[in-house]
Every structure is written in C-alpha cells, then in structure tokens.
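Okay, structure first, notes after.
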Number of protein chains: 2
Amino acid sequence: MTSSSSLTKNQKLVLDALEKEKGPLSAYSILDRLRDDGLRAPLQVYRALDKLLDLQLVHRLESLNAFVACAHPHCHASHMIAFGICETCGQVWEFSDDVVRDRLMGWAESHDFKPSKTTIEMKGVCADCRAAG
Amino acid sequence: MTSSSSLTKNQKLVLDALEKEKGPLSAYSILDRLRDDGLRAPLQVYRALDKLLDLQLVHRLESLNAFVACAHPHCHASHMIAFGICETCGQVWEFSDDVVRDRLMGWAESHDFKPSKTTIEMKGVCADCRAAG
DNA sequence: CTCTGTTGTGTTACTCTATAACATCTGTCA
DNA sequence: TGACAGATGTTATAGAGTAACACAACAGAG
Ligand SMILES: [Zn+2]
Ligand SMILES: [Zn+2]
Ligand SMILES: [Zn+2]
Ligand SMILES: [Zn+2]
C-alpha cells in the first residue's frame, strides 16, 4: 500500500495534527501539540514530516518554515504546486497552473537546467481578511 | 539619492560581500567574511540585509535561507522575480516572465487575493554541472 | 526458525537562523 | 540648540534543523 494506511504511529499523529489545523504549522508547533501523545523531541516530528513529504501528503512552505497538509491528496503526483498564503489569517490555498509550469519548464529547457523541485508561494491578504479590514 | 551611493558602512560591506560571491550566502557566512572589517554580531548583518532587501539590491532565497546580490539592480522595481538555483555549484539565475506573472496575478484576482510578495524558486542542476556530471 | 537488512524510534547534544531588548551615536531639520 | 529619526554595538535568547548513537519492529532469504 502506498498511502496513509501504511503510516506509522508518529506519522499519523503528525498528519492528524496538520489536518486539524486550518493553516500551516511549524515543526515545533506540531511538537507542542503532540507532547501529550508522547512525542518529546523535534527529531521525532522531522522524521515523520520527511516521510509525509515524500508521500506528498504534506507540503513545506519555504517562506514560512512551516508545513501544511495537502489539500488534494493523491492528486498531483508530479505537479508543480503553487500556494497562496494569507499573512493575516494564515490560511493557505493550494493550486496549480499548467501555463505557469510550461513557462518555467521552458526557461529551464532553454537554459539546459534540470529542475528537481520548484517553489511558488504568493503571500498576501485573502478576500475574507480584506472584507474584515 | 535612492541607491547604493547612500548606503552606510555596514550596508556597503554586506553588499560588497554578496557581490564578490558567485552564489548565495547565509547571513552567518556573510558575518564570517566581515569579521576582519569589524562586524561582530548577526544583528549587524541582518539589519544591513533588511535595508538592502528594501532597496532591491539583494534578494532572499527562501528555500535556502540565504541571500544573493541582485543581478540587475534598478531594473525590476515591482517585478515578480524567479530564480533558478543549481544544487550542485550553488550558482543562481535571476529572471522574470510576464506570462507567469500574469497567470499568478490572474489566480489572485479570481480569488480576491491581494498578493504582497511572491516567491518563485526552481532548484535543480545547471548545464555546466550536468556536463561535468 | 534464525539470520540479516531495512525502517522506525527515542534521546542527548549540538548547529544554524533570526530576533528582543537596551544603550549609544550620528546626522538632519526646525 | 534641541528634538527626532535612523544606524550602531552588545548581550542574551528564541526558533529551526541535524548529528550521532542505541535500540525495537518487521520482512524476506536461507
Ligand atoms: Zn498537495
Ligand atoms: Zn486571510
Ligand atoms: Zn534582482
Ligand atoms: Zn551548477
């Protein structure tokens, strides 16, 4: 089995913590939420996150040093994913755009550059927060 | 004056250090290179970097926690900048693509999201390093 | 069944990245 | 001159991530 049914205890705990949260969490925030479940050291969280990132069940937001549960599990095997991140409420939107991907891949090809991982993150203010002003 | 002629001593030191380097540097690496020039604490570097980032003379690479001198100073006031980053040699290419910008702005408009800062970073292996393979 | 390799766990200690708080200094402008 | 904004210097601390080592669980080969 390739997905969450084969997760270990710690991996499930970390994934659950992220899925319960509307926004991203830092590794240390996750740790704090899981102390009552027996987790004691950062490394326990980071190891679980490594696996979850491999499985694409979780994404890392580079500009926040934080992690978020995938919004569309199993749906973007090798996609180039983009994120909208509200700086006010912390909510995250996950999307992908084939035109963006093609343009970036085009730049890579024209420069003989072989991309392995691409980060696209838009920080700003979401509709709700603007309305709440 | 709006540019490098008005920089202070520390700001010039930090900018020089980044311009001398072909690739990105962490704040602490910058500090190490500037100890002989009198810098002693991380904060001195971070404060200079803050100003240089404001002036767009330096860019921060979120996926590396590192900084790089702008390749085209004065040329992209409000542009959305993308980076290609070689994971082997560390070299960085700075470019922008209007189509990518338009697509991302389009997503933002359609979601009533007001972006303030966008990060686009492609990590991979450059032509030279692939040839040297 | 036992050996063995692989993966996950737990723990301690550590490095690297970034900021808080406070005092001082320097220039600009009224 | 006085007042303010911005830059500086220093110490201490917070936040993010990894190294190293020992042990447990489990699957497959012989
Ligand atoms: Zn996803
Ligand atoms: Zn919001
Ligand atoms: Zn630039
Ligand atoms: Zn290279």
Side-chain angles (χ1 to χ4, degrees), chain A residues 1-18 21 23-55 57-68 87 90 117 119 121 123, chain B residues 1-18 21 23-55 57-68 87 90 117 119 121 123:
Chain A
M1 195 92 20
T2 167
S3 65
S4 50
S5 63
S6 66
L7 296 180
T8 67
K9 169 170 151 271
N10 287 359
Q11 290 160 9
K12 274 184 207 133
L13 284 171
V14 169
L15 182 56
D16 281 355
L18 283 173
E21 202 76 23
L25 287 175
S26 73
Y28 279 66
S29 301
I30 296 171
L31 178 56
D32 286 341
R33 280 163 176 69
L34 296 178
R35 293 214 185 262
D36 293 341
D37 298 286
L39 292 209
R40 322 238 75 219
L43 203 43
Q44 297 175 285
V45 174
Y46 281 109
R47 288 200 277 228
L49 284 170
D50 283 344
K51 192 67 192 300
L52 295 170
L53 289 168
D54 269 356
L55 297 172
L57 297 174
V58 159
H59 301 296
R60 177 187 163 80
L61 301 176
E62 303 286 352
S63 63
L64 295 179
N65 292 332
F67 304 85
V68 66
E87 291 171 310
K117 200 206 167 197
T119 299
E121 297 175 14
K123 285 197 197 170
Chain B
M1 194 97 13
T2 166
S3 65
S4 49
S5 63
S6 67
L7 296 180
T8 66
K9 171 171 152 268
N10 286 1
Q11 290 160 8
K12 274 184 207 136
L13 285 170
V14 169
L15 182 56
D16 282 355
L18 283 173
E21 202 76 24
L25 288 175
S26 74
Y28 279 69
S29 302
I30 296 171
L31 177 57
D32 286 341
R33 281 163 177 68
L34 296 178
R35 292 213 186 262
D36 294 341
D37 298 287
L39 292 209
R40 323 239 77 220
L43 202 45
Q44 297 175 284
V45 174
Y46 280 109
R47 288 201 277 227
L49 284 170
D50 282 345
K51 193 66 193 302
L52 295 170
L53 289 168
D54 269 356
L55 296 173
L57 297 174
V58 159
H59 301 297
R60 178 187 163 82
L61 301 176
E62 303 287 353
S63 64
L64 296 178
N65 292 331
F67 305 85
V68 67
E87 290 172 310
K117 200 204 166 198
T119 299
E121 297 175 14
K123 285 197 199 173

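Not measured: the values here are computed from a predicted model. Only this structure's heavy atoms are used, side chains among them; waters, hydrogens and symmetry mates stay out. Below, chain A is the first sequence line, B the second, and so on; all start at residue 1.
Taking atom CG of residue A:Leu34 and atom P of nucleotide C:dT9, one finds them 12 Å apart after rounding to whole Å. Rounded to whole Å, the distance from OH on B:Tyr46 to C1' on C:dA20 is 14 Å. To the nearest angstrom, P of C:dA18 lies 9 Å from CD of B:Glu62. One can place CZ of A:Phe67 at 16 Å from P of D:dG15, the figure rounded to the nearest angstrom. The CG-C1' distance, from A:Leu31 to D:dG15, rounds to 12 Å in whole Å. Between B:Leu49 atom CG and D:dT8 atom C1' the separation is 15 Å, expressed in whole Å. The CG-C1' distance, from B:Leu55 to D:dG6, rounds to 14 Å in whole Å. Regarding A:Leu13, its CG atom lies at a distance of 13 Å from the C1' atom of C:dT9, rounded to whole Å.
With DNA chain D read from its 5' end, the first of the two nearest nucleotides for B:Lys9 and A:Asn65 is the one closest to B:Lys9. In terms of position on DNA chain D, the residue among B:Gly38 and A:Asp50 whose nearest nucleotide sits closer to the 5' end is B:Gly38. With DNA chain C read from its 5' end, the first of the two nearest nucleotides for B:Leu64 and B:Leu43 is the one closest to B:Leu64.
If you check D:dT10, D:dA7, C:dT17 against the side chain of B:Ala41, the one that comes closest is D:dT10. Of the listed nucleotides (C:dG8, D:dG9, C:dT9), C:dT9 has the atom at the smallest distance from the side chain of A:Asn10.
Here the side chain of A:Glu121 pairs a donor or acceptor atom with the backbone of A:Ser63 at under 3.5 angstrom.
Below the 3.5 angstrom threshold, one finds a donor paired with an acceptor across the side chain of B:Tyr28 and the base of C:dA18. Residue-to-nucleotide contacts include no donor-acceptor pair under 3.5 Å from the side chain of A:Arg47 to the base of D:dG17.
Checked for salt-bridge contact, A:Glu62 and A:Lys117 meet the test: a charged N lies under 4.0 Å from a carboxylate O.
Between A:Gln44 and C:dT9 there is no side-chain polar atom (N or O) within less than 4.0 angstrom of OP1 or OP2. Look at A:Arg60 and you won't find any side-chain N or O under 4.0 angstrom from OP1 or OP2 of D:dA16. Between A:Thr8 and C:dT7 there is no side-chain N or O to OP1 or OP2 distance below 4.0 Å.
Residue-environment remark: CG (B:Asp36) stays at or below the threshold of 12 foreign heavy atoms within 6.0 Å.
Residue A:Arg40 is classed as a sugar-phosphate contact, given heavy-atom separations below 4.0 Å to backbone atoms only.
Taking all atoms of both residues into account, the shortest heavy-atom contact from B:Leu7 to B:Leu57 is CD1-CD1, 4.2 Å. The shortest non-hydrogen separation linking B:Ser26 to B:Ala66 is N-CB, 4.1 Å.
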